[in-house]
Participant: 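After the structure tokens below, expect a handful of questions from me.
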Amino acid sequence: MRVLIIGAGGHGQVVADILLRMADEGSGAILAGFLDDRGDLLGQTILGAPVLGRIADCKNIRHDTVIVAIGENKTRQRIFKMLQQDGEDFVIAQHPKSIVAPDVRIGAGSMICGGVVLNTAATIGGAVILNTGCTVDHHNYIGSFAHIGPGANLGGEVEIGEGSLVGIGATVMPGKRIGAWSIVGAGALVNRDVPERSVVVGVPARVIKTI
Ligand SMILES: CC(C)(COP(=O)(O)OP(=O)(O)OC[C@H]1O[C@@H](n2cnc3c(N)ncnc32)[C@H](O)[C@@H]1OP(=O)(O)O)[C@@H](O)C(=O)NCCC(=O)NCCS
């Protein structure tokens, strides 16, 4: 299975590393290479795989599947949808050293980093990032294009709306809901529901602005 990684920045390199670790475990994934719209990366080799061209070159390069490895949620959504319309297949990058309950559903193109714990009956949308060492407890619902930052902890039955970011080390208490396209600041403690398109920070978390 030849995988093209869309985005050759730091995030793309973490995705590449996960795919290589999956290959070590016999996934059959082969890194076809990276695509990136920053021209200066063209021709470089990263983690043994070449930067082959721009995103628009996707259909001209031999591959079986893609993954959009762009950290910014809105941009990841835009490029995912564009490639979806082109009929692309999206691989899930799941680090072998993550703990994922067997009944968890994970949408196409999502990324589960090393050290993540994902508990029973959770549902993860498409093109979601569960970053290094975050924990997502039982019966969570994580909307598509969301990003749960490194070391963040979500209690049971938490709901994260589409496109929202939970910052590094933040905590969301059980049963709380974060509306779509909101941001929970690094280190925040969410003890009440967060409306959509809101930025919250602090312990306890309070709204500082609307997006
Ligand atoms: C919350 C956040 C989005 C705000 O960013 P911003 O809109 O650029 O806001 P500013 O940096 O201008 O900060 C606005 C105010 O909020 C405070 N603030 C910002 N982030 C904060 C945080 N995480 N906790 C507490 N206070 C915070 C600032 O100190 C500032 O306060 P002041 O007005 O009294 O000086 C950002 O700071 C943040 O925490 N992002 C999360 C990043 C992350 O963890 N990403 C994971 C990817 S690996």
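Counting starts at 1 for both ligands and their atoms, in listed order.
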Participant: Quick check on contacts: which atoms of ligand 1 are under 4.0 angstrom from a heavy atom of G167?
Facilitator: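 Those qualifying, in numeric order: 43 (C), 44 (O).
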
Participant: May I ask you to decide if the ring planes of H11 and H147 are parallel, tilted or perpendicular, using 30° and 60° as cut-offs?
Facilitator: tilted

Participant: Do any non-hydrogen protein atoms sit less than 4.0 Å from atom 25 (C) of ligand 1?
Facilitator: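 Answer yes: something from the protein, a heavy atom, is under 4.0 Å.
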
Participant: Please check whether K209 reaches ligand 1 - meaning an N/O of the residue sits under 3.5 Å from an N/O of the ligand, judged on distance alone.
Facilitator: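 Indeed, backbone or side chain, K209 has an N or O that close.
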
Participant: Can you pull out the closest protein heavy atom to atom 42 (C) of ligand 1? Residue, atom name and distance to 0.1 Å, please.
Facilitator: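 For atom 42 (C) of ligand 1, the nearest protein heavy atom comes out as L165 CD2, 4.4 Å.
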
Participant: Between R54 and D57, is there a side-chain N and carboxylate O pair less than 4.0 Å apart?
Facilitator: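 The answer is no: the pair does not qualify as a salt bridge.
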
Participant: Considering non-hydrogen atoms of the protein only, which is the closest contact for atom 47 (C) of ligand 1, and what is the distance?
Facilitator: H147 CE1, 3.7 Å

Participant: With a 4.0 Å heavy-atom cut-off (strictly under), which part of P150 contacts ligand 1: side chain, backbone, both or neither?
Facilitator: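 Near ligand 1, P150 shows its side chain, while the N, CA, C and O stay back.
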
Participant: Do D137 and L154 come close enough that some side-chain heavy atom pair is under 4.5 Å?
Facilitator: no

Participant: Between E196 and R177, is there a side-chain heavy-atom distance shorter than 4.5 Å?
Facilitator: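 Heavy-atom side-chain distance check fails, nothing below 4.5 Å.
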
Participant: Any idea which protein heavy atom is nearest atom 3 (C) of ligand 1, and the distance to it?
Facilitator: I183 CG2, 3.7 Å

Participant: Should you measure from each heavy atom of I208, which atoms of ligand 1 turn up under 4.0 Å away?
Facilitator: 16 (O)

Participant: Quick check: do E88 and H63 have side-chain heavy atoms less than 4.5 Å from each other?
Facilitator: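 A side-chain contact exists here, since the closest heavy-atom pair is under 4.5 Å.
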
Participant: May I ask you to identify, for I168, whether its side chain, its backbone, both or neither come under 4.0 Å of ligand 1 on a heavy-atom basis?
Facilitator: both

Participant: Is it true that R38 and D40 have a side-chain N and a carboxylate O under 4.0 angstrom from each other?
Facilitator: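 Looking at D40 together with R38, the answer is no, because their closest N to O distance does not fall below 4.0 Å.
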
Participant: Evaluate the 4.0 Å heavy atom contact test for atom 39 (O) of ligand 1: does a protein atom fall under the cut-off?
Facilitator: yes

Participant: Quick one: does F90's side chain get under 4.5 Å of Q84's, heavy atoms only?
Facilitator: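 When only atoms from C-beta onward are counted, Q84 and F90 do touch, with a gap below 4.5 Å.
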
Participant: Would a 4.0 Å cut-off, counted as strictly less than, catch a protein heavy atom around atom 13 (O) of ligand 1?
Facilitator: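 False for atom 13 (O) of ligand 1.
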
Participant: Run the numbers on T171 and N153 for side chain to side chain donor-acceptor pair (under 3.5 Å), then give the verdict.
Facilitator: CA-CA 5 Å; T171 299; N153 299 123; 4.5 Å; no

Participant: Would you say L35 and C58 make side-chain contact, with heavy atoms under 4.5 Å?
Facilitator: yes

Participant: Please report the closest heavy-atom contact between I112 and L130, naming both atoms and the distance.
Facilitator: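 In this case the closest contact between I112 and L130 is CD1-CD1, 3.6 Å.
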
Participant: Tell me whether atom 5 (O) of ligand 1 lies less than 4.0 Å from at least one protein heavy-atom position.
Facilitator: no

Participant: Looking at atom 32 (P) of ligand 1, would you say a protein heavy atom lies below 4.0 Å from it?
Facilitator: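 When distances to the protein are checked, atom 32 (P) of ligand 1 has no heavy atom within 4.0 Å.
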
Participant: Return a yes/no value: protein heavy atom under 4.0 Å from atom 21 (C) of ligand 1?
Facilitator: yes

Participant: When you look at CZ of R192, are more than 12 heavy atoms from neighbouring residues, nucleotides or ligands closer to it than 6.0 Å?
Facilitator: no

Participant: Near G185, which atoms of ligand 1 are under 4.0 Å from a heavy atom of that residue?
Facilitator: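 Near G185, the atoms of ligand 1 are 1 (C), 23 (N), 39 (O).
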
Participant: I106 and V100: side chain to side chain contact (heavy atoms under 4.5 Å, CB included), yes or no, with the steps?
Facilitator: CA-CA 10 Å; I106 303 175; V100 178; 4.2 Å; yes

Participant: Give me the residue, atom name and distance of the protein heavy atom closest to atom 1 (C) of ligand 1.
Facilitator: V201 CG1, 3.5 Å

Participant: What is the closest protein heavy atom to atom 41 (C) of ligand 1, and at what distance does it sit?
Facilitator: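 The closest heavy atom on the protein side is A186 N, 3.9 Å.
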
Participant: Looking at atom 10 (P) of ligand 1, is any protein heavy atom nearer than 4.0 Å to it?
Facilitator: no

Participant: Does the protein place any heavy atom closer than 4.0 Å to atom 35 (O) of ligand 1?
Facilitator: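 Under the 4.0 Å cut-off, atom 35 (O) of ligand 1 has no protein heavy-atom neighbours at all.
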
Participant: Considering only the protein, which heavy-atom contact is closest to atom 2 (C) of ligand 1, and what is its distance?
Facilitator: V199 CG1, 4.5 Å

